[in-house]
Asker: 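I have a structure I would like to understand better, so I am pasting it below and will then ask my questions one at a time.
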Amino acid sequence: MNIAIIVEGKTEKVFMPYVRKYLGKILAGRMPRLDTIPYDGRVPTGEKLKRVVENLLSGRSRNPADYVLALTDVYTGTNDFKDASDAKDKMKKWVGNEPRFYPHAAQYDFEAWLLPYWPRIQELTKQEKKAPSGNPETVNHCKPPSCHIREIFEMGDNGYGYVKTRDVRRILEGQDLSVAIAQCPELKAFVNTIISVCNLKQHTEADG
């Protein structure tokens, strides 16, 4: 089975190997192919998103998808979305009546899913700056999670700041993704969608 995942950019693509590793244990013997489709800066909106999803599902793409997921940040630099729920509702409306499409959102940006690994971030930066308080996904527009991570990296004495595509790997290497899943409901929903469509596909094939 092939699942296409539309993401905003390279950062989320770097994140996907850790999702695959986590799912590989749960979906042993029936792990789907997860094709990450990155866009430059943000997931398409409106009619463009609808066309992208249709193309991925129709066979006009090189690897036709059985299902398509979209993963966007709420904090995109625009005021398109009020929160994760609003982002998912709008993406679903833009695509229309397509049961094989599942929208998801990181509230407020992708780095919310890195905040549970603050001890690892402190270790990398050699800093004792405290983690932002509360649920990682409630860290909001006034100062999104990426800003907190950027700040602590800039405080470090290693001579460089936070570089997403490099430091996501450094933060997550050797870590247990279930730690973030337990603290971040939107991440949990994203992972559970992949599991649920795999179970649905398995039941459909068995019935057939």
Asker: Which pairs with one or both residues in residues 176-194 pass salt bridge (Lys or Arg N to Asp or Glu O under 4.0 Å), sequence neighbours excluded?
Answerer: Lys88-Glu186

Asker: For the side chain to side chain contact (heavy atoms under 4.5 Å, CB included) test, which of Val19, Asp73, Thr36, Val168 pairs with Glu12?
Answerer: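 Among Val19, Asp73, Thr36, Val168, the one that satisfies the side chain to side chain contact (heavy atoms under 4.5 Å, CB included) with Glu12 is Asp73.
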
Asker: For residues 109-124, pull every pair meeting salt bridge (Lys or Arg N to Asp or Glu O under 4.0 Å), keeping only residues two or more places apart or in separate chains.
Answerer: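 Pairs touching residues 109-124 that pass the test: Glu111-Lys164, Arg120-Glu123.
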
Asker: Kindly indicate, with the supporting measurements, whether the criterion salt bridge (charged side-chain N to carboxylate O under 4.0 Å, His left out) is fulfilled by Lys90 and Asp86.
Answerer: CA-CA 6 Å; Lys90 285 181 177 174; Asp86 182 52; 3.3 Å; yes

Asker: Can you pull out every side chain to side chain donor-acceptor pair (under 3.5 Å) where at least one residue sits in residues 14-26? Sequence neighbours excluded, please.
Answerer: Tyr18-Glu173

Asker: Roughly how far, to the nearest 0.5 Å, is CG of Leu124 from OH of Tyr162?
Answerer: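 Those atoms lie 11.5 Å apart.
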
Asker: Apply side-chain contact (heavy atoms from CB on, under 4.5 Å) to residues Phe110 and Leu71 and explain how you reach the verdict.
Answerer: CA-CA 9 Å; Phe110 162 79; Leu71 177 60; 5.7 Å; no

Asker: Over all heavy atoms of both residues, which pair between Ala4 and Ile37 is shortest? Give the atoms and the distance, please.
Answerer: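 So the minimum-distance heavy-atom pair works out to CB-CG1, 4.3 Å.
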
Asker: What's the spacing between Leu115 CG and Ile171 CD1 if we round to 0.5 Å?
Answerer: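 Between atom CG of Leu115 and atom CD1 of Ile171 there are 9.0 Å.
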
Asker: Heavy-atom count check: over 12 atoms from other residues, nucleotides or ligands less than 6.0 Å from Lys129 NZ?
Answerer: yes

Asker: Passes side-chain contact (heavy atoms from CB on, under 4.5 Å), Val68 versus Glu98? Steps please.
Answerer: CA-CA 10 Å; Val68 176; Glu98 176 47 77; over 6 Å; no

Asker: Could you go through the side-chain contact (heavy atoms from CB on, under 4.5 Å) check for Lys50 and Trp94 one step at a time?
Answerer: CA-CA 6 Å; Lys50 180 179 176 69; Trp94 290 332; 5.7 Å; no

Asker: Do any N or O atoms from the side chain of Asp66 and from the backbone of Asn2 form a donor-acceptor pair under 3.5 angstrom?
Answerer: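 Yes: the side chain of Asp66 pairs with the backbone of Asn2.
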
Asker: With rounding to the nearest 0.5 Å, note down the distance linking OG1 in Thr125 to CD1 in Ile121.
Answerer: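 Thr125 atom OG1 to Ile121 atom CD1 measures 8.0 Å (nearest 0.5 Å).
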
Asker: Suppose we screen for ring-ring contact (aromatic ring centres under 6.0 Å, His included). Which residues come up paired with Tyr117, at least two apart in sequence or across chains?
Answerer: none

Asker: Please list, chain by chain and in numerical order, all residues satisfying side-chain hydrogen bond (donor to acceptor under 3.5 Å, both in side chains) with Asn135, sequence neighbours excluded.
Answerer: none

Asker: For residues Ile6 and Pro44, report the shortest heavy-atom separation together with the two atoms involved.
Answerer: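 The pair with the smallest heavy-atom distance is CG2-CD, 4.1 Å.
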
Asker: Tell me, with the steps shown, if Phe15 and Val7 meet side-chain contact (heavy atoms from CB on, under 4.5 Å).
Answerer: CA-CA 11 Å; Phe15 178 67; Val7 298; over 6 Å; no

Asker: Could you go through the salt bridge (charged side-chain N to carboxylate O under 4.0 Å, His left out) check for Arg170 and Asp167 one step at a time?
Answerer: CA-CA 5 Å; Arg170 297 174 70 218; Asp167 293 320; 2.8 Å; yes

Asker: What are the two closest heavy atoms between Phe101 and Met91, and how far apart are they?
Answerer: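 Phe101 and Met91 have their closest heavy atoms at CE2-O, 3.7 Å.
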
Asker: Can you tell me how the ring of His104 sits relative to the ring of Phe190, calling it parallel under 30°, perpendicular over 60° and tilted otherwise?
Answerer: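 His104 and Phe190: perpendicular rings.
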
Asker: Identify the two heavy atoms, one from Ile194 and one from Ile5, that lie closest to each other, and give their separation to 0.1 Å.
Answerer: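 Answer, listing the atom of Ile194 first, then Ile5: CD1-CD1, 4.3 Å.
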
Asker: Is it the case that one hydrophobic cluster holds both Ile149 and Val163, taking links as side-chain heavy atoms less than 4.5 Å apart, direct or via other members?
Answerer: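 No: no chain of side-chain contacts under 4.5 Å links Ile149 to Val163.
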
Asker: If the condition is side-chain hydrogen bond (donor to acceptor under 3.5 Å, both in side chains), which residues does Gln122 pass it with, not counting sequence neighbours?
Answerer: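 Partners of Gln122 by the side-chain hydrogen bond (donor to acceptor under 3.5 Å, both in side chains) criterion come out as none, since no residue qualifies.
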
Asker: Please step through side chain to side chain donor-acceptor pair (under 3.5 Å) for the pair Trp113 and Gln183, ending with a clear verdict.
Answerer: CA-CA 8 Å; Trp113 298 347; Gln183 295 183 41; over 6 Å; no

Asker: Looking only at heavy atoms, which two atoms of Ala112 and Cys184 are closest? And how far apart?
Answerer: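 For Ala112 versus Cys184, the nearest heavy atoms are O-SG, 4.0 Å.
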
Asker: Please report the closest heavy-atom contact between Pro145 and Pro136, naming both atoms and the distance.
Answerer: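 Nearest pair, atom of Pro145 first, then Pro136: CG-O, 4.2 Å.
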
Asker: Just how far is it from atom CD1 of Ile26 to atom CG of Asn192, taken to the nearest 0.5 Å?
Answerer: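 Going from the CD1 atom of Ile26 to the CG atom of Asn192 covers 8.0 Å.
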
Asker: I need the Leu49 CG to Lys92 NZ distance, nearest 0.5 Å.
Answerer: 11.0 Å

